[in-house]
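I have placed the structure first, in the form of structure tokens, so that the comments after it can refer back to it.
So that the names make sense, note that chain A is the first sequence line, chain B the second, and so on, each numbered from 1.
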Amino acid sequence: MVCLIFKKRTHTCGELRASDIGKEVTLMGWVHRRRDLGGLIFIDLRDREGITQVVFNPEKYKEIHEKAGELKNEYVIAVGGQVSPRPDGIVNPKLSTGEIEVLVKDLDILNTCPTPPITVSSEVRPDEITRLKYRYLDLRTGRMQSNIKLRANITKATRDYLAENGFLEIETPILINSTPEGARDYLVPSRLYPGKFYALPQSPQIFKQLLMVSGFDRYYQIARCFRDEDQRADRQPEFTQIDIEMSFVERDDVLDMAEGLMTRIFKDVLNIDIPRPFPRLSHEQAISRYGIDKPDIRYDMKMEDLGEIFKDSAFKAFSETITSGGIIKGIKVEGYGGASRKKLDDLNEKAKEMGAKALFWIVFTEDNIKSSIKKFLRPEDIENLKKKFSVSPNDLVLILADKKEIVHRIFGEFRIFLTEELGLIKYGDFKFLWVIDFPLFTYNKEEDRIDAEHHAFTSPLPEDIEFLDTDPLKVRASSYDLVLNGVELGSGSIRIHRRDIQEKVFKIMGLTMEEADVKFGFLLRALEYGSPPHGGIAPGLDRLVMLMAGEKTIRDVIAFPKTQTAFCPLTGAPVTVSEKQLGELKIKLDV
RNA sequence: GGGGUGGUAGUGCAGUCUGGCCUAACACAUCUGUCUGUCACACAGAAGAACGCGGGUUCGAAUCCCGUCCACCCCGCCA
């Protein structure tokens, strides 16, 4: 085997066209597939840019043809030869290079490869642990190559847009201080300060606010964030945010900028036009219509309040719910009237498992209804329901009568479950949504305390400031969530920059300024030194790429992700370290 | 911390509910042979797994039971 490259690569494997016929070229890449016809040998040669068929002809280059007999999948080779037309005009329309092939006269085997545990040319994916252990092979597959390229294109569009709009890319520290708020920190022991630790940032939140105080006006960073919490399909121990902060802005300025960024990304990367402005729902509207604070609005299936219709129903489950302060709501499942009785019973079971007393169903047929509560329904009820839901024949209406929270939670989940069941979700439909007007505070039952819903520096809506003194739980925040297809892409807020309001907020949370200083320290001091009004947002890059790639997990858009137990099968991290290393850190293990 | 699904040749899977017909099937990959227009090449043949690991029940366990490890999905958690 010759390991030296005998000459320069002239083209990539995705480049050659009919117009190149006759050229002498050198291609380098991996053996994607081989088709050995006994005489002729065809190799699909693959690199990042594509696949080119190269052909070994024993009549023309006997020795080279013999050497080609050694080639196996994933060997790395260099071939030199002449770009030739496919004979008889047999083009391969599946390949961009399908009009031509390279007749090989020089072959160099640059490297060999054992039978790989992952078949790069196959659509079939091995078990995830195998994929992660041999991630370098997994990343060779077309699907992963395209995901990683998509990600690079998205970050490029992000940088282009933000740079054009006056944002500076500024790095912030990775070794920072641990704060008690939020998620569990990843800690890094300090050698120079035995017994003390750095934390890895959960987000650059504090630093981006400091940069506003410093007068940088508009900042962004493609920022790595670390959270030591349990993993999910859309959560990794380290993930990436497009972190943005702006000075001298109000909420709508941030929303406008973020919309501009998102539409630019979709236009540049997928050539999709996303209409603006994005629809907005208040938190309250989102919950009461969809039962969830991040609704997927690619499909309708809104909850309708049926309290008016059923308030004096003879059906006790309805009338008693109203008297006891509960609510009656329903959703229409279009075209699901043909569902079997068993299916409907299953839905009822599911609802009960989730804490409902019962789920009632009504199927609208051409001129009648089928229903679990038919005998309780008055003719006018049916008419009212038809009107309320504008039903067509074969529609199903599901009704829950229960406590508000239960009804909302169950329908919130049912919407998601039913659309999957009905196959309503297709790739290519992207529906953004803003959820705004979150409550500024939530009541913490366990601790009998009022907590910040977003974080302690989130500004109240200007028109709600008066309620800080009278009814804090009524105060809405200048915060916003960006939702795409039912996935929370990111959240942000306008920050408090006035000391009197900050003090009030701390007071409501049961903190004196002194206590707050211990807890939040230098940020508070910085804010006092002439902080401009500022606010920002931080869309999650991994989730955005995942949705745009049509993948179900962010692991498929991260080059080297970890398992659900935060383990890296490729490198073995985390690992035990030597006594010497521990000694330097003055750390004794107790495991 | 809790619930669920899965673990069988290099890879993907069948078999497990209902134990014996399993001397574990099939496909891809691998190896050998034939083949000069294939492009998921085709055809003929071969090799490759004691069924995640440990224990138990049984005349007999891939299959039943207990424990355990790993992966994935979900709840909690993730301001």
Side-chain angles (χ1 to χ4, degrees), chain A residues 32-46 51-60 65 69 72-74 84-95 97-98 100-101 103 113-134 137-138 141 179-185 202-203 205-206 225-237 239 353-355 409 413 416-417 438 440-442 444 451-458 477 479 481 488 491-493 509 519-520 538 540 552-553 555-556 561-565 567 569:
Chain A
H32 191 63
R33 282 201 184 92
R34 56 175 267 160
R35 292 176 292 282
D36 185 345
L37 270 57
L40 291 175
I41 296 175
F42 296 97
I43 298 286
D44 285 343
L45 190 63
R46 182 195 74 237
I51 287 173
T52 300
Q53 173 169 287
V54 302
V55 56
F56 296 87
N57 188 329
E59 283 172 4
K60 297 192 172 151
H65 174 266
K72 294 174 194 165
N73 283 347
E74 299 309 313
S84 317
R86 301 282 185 102
D88 309 324
I90 311 172
V91 303
N92 184 346
K94 288 184 213 158
L95 292 181
T97 58
I100 55 90
E101 64 192 8
L103 177 61
C113 180
T115 302
I118 295 175
T119 307
V120 176
S121 58
S122 168
E123 306 291 319
V124 179
R125 290 177 154 199
D127 187 72
E128 192 134 347
I129 192 121
T130 308
R131 292 180 53 209
L132 292 185
K133 187 171 177 186
Y134 298 94
L137 294 178
D138 187 46
T141 60
T179 58
E181 301 296 295
R184 196 176 295 113
D185 280 326
Q202 296 174 26
S203 80
Q205 179 64 36
I206 287 171
C225 306
F226 306 85
R227 293 179 191 176
D228 187 4
E229 296 292 348
D230 289 343
Q231 315 310 315
R232 285 284 195 292
D234 60 355
R235 278 166 27 191
Q236 279 276 298
F239 62 100
E353 277 167 29
M354 293 169 66
R409 179 164 52 85
E413 286 196 29
I416 297 167
F417 169 77
F438 282 80
L440 185 62
F441 301 106
T442 52
N444 183 333
D451 288 342
E453 168 80 24
H454 188 58
H455 58 62
F457 307 102
T458 301
S479 67
D481 274 12
E488 186 196 314
S491 57
S493 63
M509 294 169 63
K519 227 173 166 183
F520 302 107
K552 287 198 162 58
T553 156
R555 290 188 302 277
D556 283 343
K562 293 181 177 57
T563 67
Q564 192 159 60
T565 50
F567 172 68

Under 4.0 Å between a side-chain N or O of [X] and OP1 or OP2 of [N]?
X: A:R227; N: B:A79; value: yes
X: A:T565; N: B:A71; value: yes
X: A:Q564; N: B:C73; value: yes
X: A:R555; N: B:C73; value: yes
X: A:R35; N: B:U36; value: no

Return the [atom1] to [atom2] distance between [X] and [Y], rounded to the nearest 0.5 Å.
X: A:E453; Y: A:T458; atom1: CD; atom2: OG1; result: 9.5 Å
X: A:R227; Y: A:D185; atom1: CZ; atom2: CG; result: 10.0 Å
X: A:H65; Y: A:L40; atom1: NE2; atom2: CG; result: 7.0 Å
X: A:L137; Y: A:K133; atom1: CG; atom2: NZ; result: 12.0 Å
X: A:R46; Y: A:T141; atom1: CZ; atom2: OG1; result: 9.0 Å

Using the [atom1] atom in both, what is the distance from [N] to [M], to the nearest Å?
N: B:A71; M: B:G12; atom1: P; value: 16 Å
N: B:G52; M: B:A62; atom1: C1'; value: 12 Å
N: B:C13; M: B:U8; atom1: P; value: 9 Å
N: B:A79; M: B:G2; atom1: P; value: 23 Å
N: B:G67; M: B:A27; atom1: C1'; value: 35 Å
N: B:G48; M: B:A24; atom1: C1'; value: 13 Å
N: B:A50; M: B:C73; atom1: C1'; value: 32 Å
N: B:U23; M: B:C28; atom1: P; value: 26 Å

Please work out if [X] contacts a base, only the sugar-phosphate, or nothing of the nucleic acid, heavy-atom cut-off 4.0 Å.
X: A:D228; value: nothing
X: A:S122; value: nothing
X: A:P87; value: base
X: A:R232; value: base
X: A:E59; value: base

In whole angstrom, what separates [X]'s [atom1] from [N]'s [atom2]?
X: A:F56; N: B:C35; atom1: CZ; atom2: C1'; result: 18 Å
X: A:L103; N: B:G37; atom1: CG; atom2: C1'; result: 13 Å
X: A:D481; N: B:A79; atom1: CG; atom2: C1'; result: 12 Å
X: A:L137; N: B:G10; atom1: CG; atom2: P; result: 16 Å
X: A:K133; N: B:A71; atom1: NZ; atom2: P; result: 13 Å
X: A:D234; N: B:C77; atom1: CG; atom2: C1'; result: 13 Å
X: A:K60; N: B:G37; atom1: NZ; atom2: C1'; result: 12 Å
X: A:D451; N: B:A79; atom1: CG; atom2: P; result: 13 Å

Can you identify which nucleotide, out of [options], has its nearest atom closest to the [X] side chain?
X: A:D230; options: B:C77, B:C72, B:A40; result: B:C77
X: A:I129; options: B:U38, B:A79, B:A71; result: B:A71
X: A:Q202; options: B:C39, B:G12, B:A79; result: B:A79
X: A:K72; options: B:U38, B:G12, B:C31; result: B:C31
X: A:E229; options: B:U36, B:C78, B:U38; result: B:C78
X: A:N73; options: B:G76, B:A29, B:C39; result: B:A29
X: A:A183; options: B:U36, B:C78, B:C77; result: B:C78
X: A:T115; options: B:G37, B:A29, B:A40; result: B:A29

**Prompt:** So, does A:Q53 use its side chain to make a donor-acceptor pair with the main chain of A:G98 at under 3.5 Å?
**Reply:** no
[N] base to [X] side chain: any donor-acceptor pair below 3.5 Å?
X: A:R235; N: B:C77; answer: yes
X: A:R86; N: B:U38; answer: yes
X: A:D127; N: B:G7; answer: no

**Prompt:** Got A:H455 and A:S493 here, is their nearest side-chain heavy-atom distance under 4.5 Å?
**Reply:** yes
**Request:** Answer yes or no: is there a side-chain heavy-atom contact under 4.5 Å between A:R235 and A:Q564?
**Result:** no
**Prompt:** Are any of the side-chain nitrogens in A:D556 or A:R125 under 4.0 Å away from the carboxylate oxygens of its partner?
**Reply:** yes
**Request:** With RNA chain B as reference, determine whether A:Q205 or A:G38 sits nearer its 5' end, using the nearest nucleotide of each.
**Result:** A:G38
**Message:** Let me spell it out: for each of A:F567 and A:G98, pick the nucleotide of RNA chain B with the closest heavy atom. Which residue's pick is nearer the 5' end?
**Reply:** A:G98
**Complete:** Answer for the Watson-Crick or wobble partner of B:U5, both distances under 3.5 Å, is B:A71
**Complete:** Under a 3.5 Å limit on both distances, the Watson-Crick or wobble mate of B:A27 is B:U11
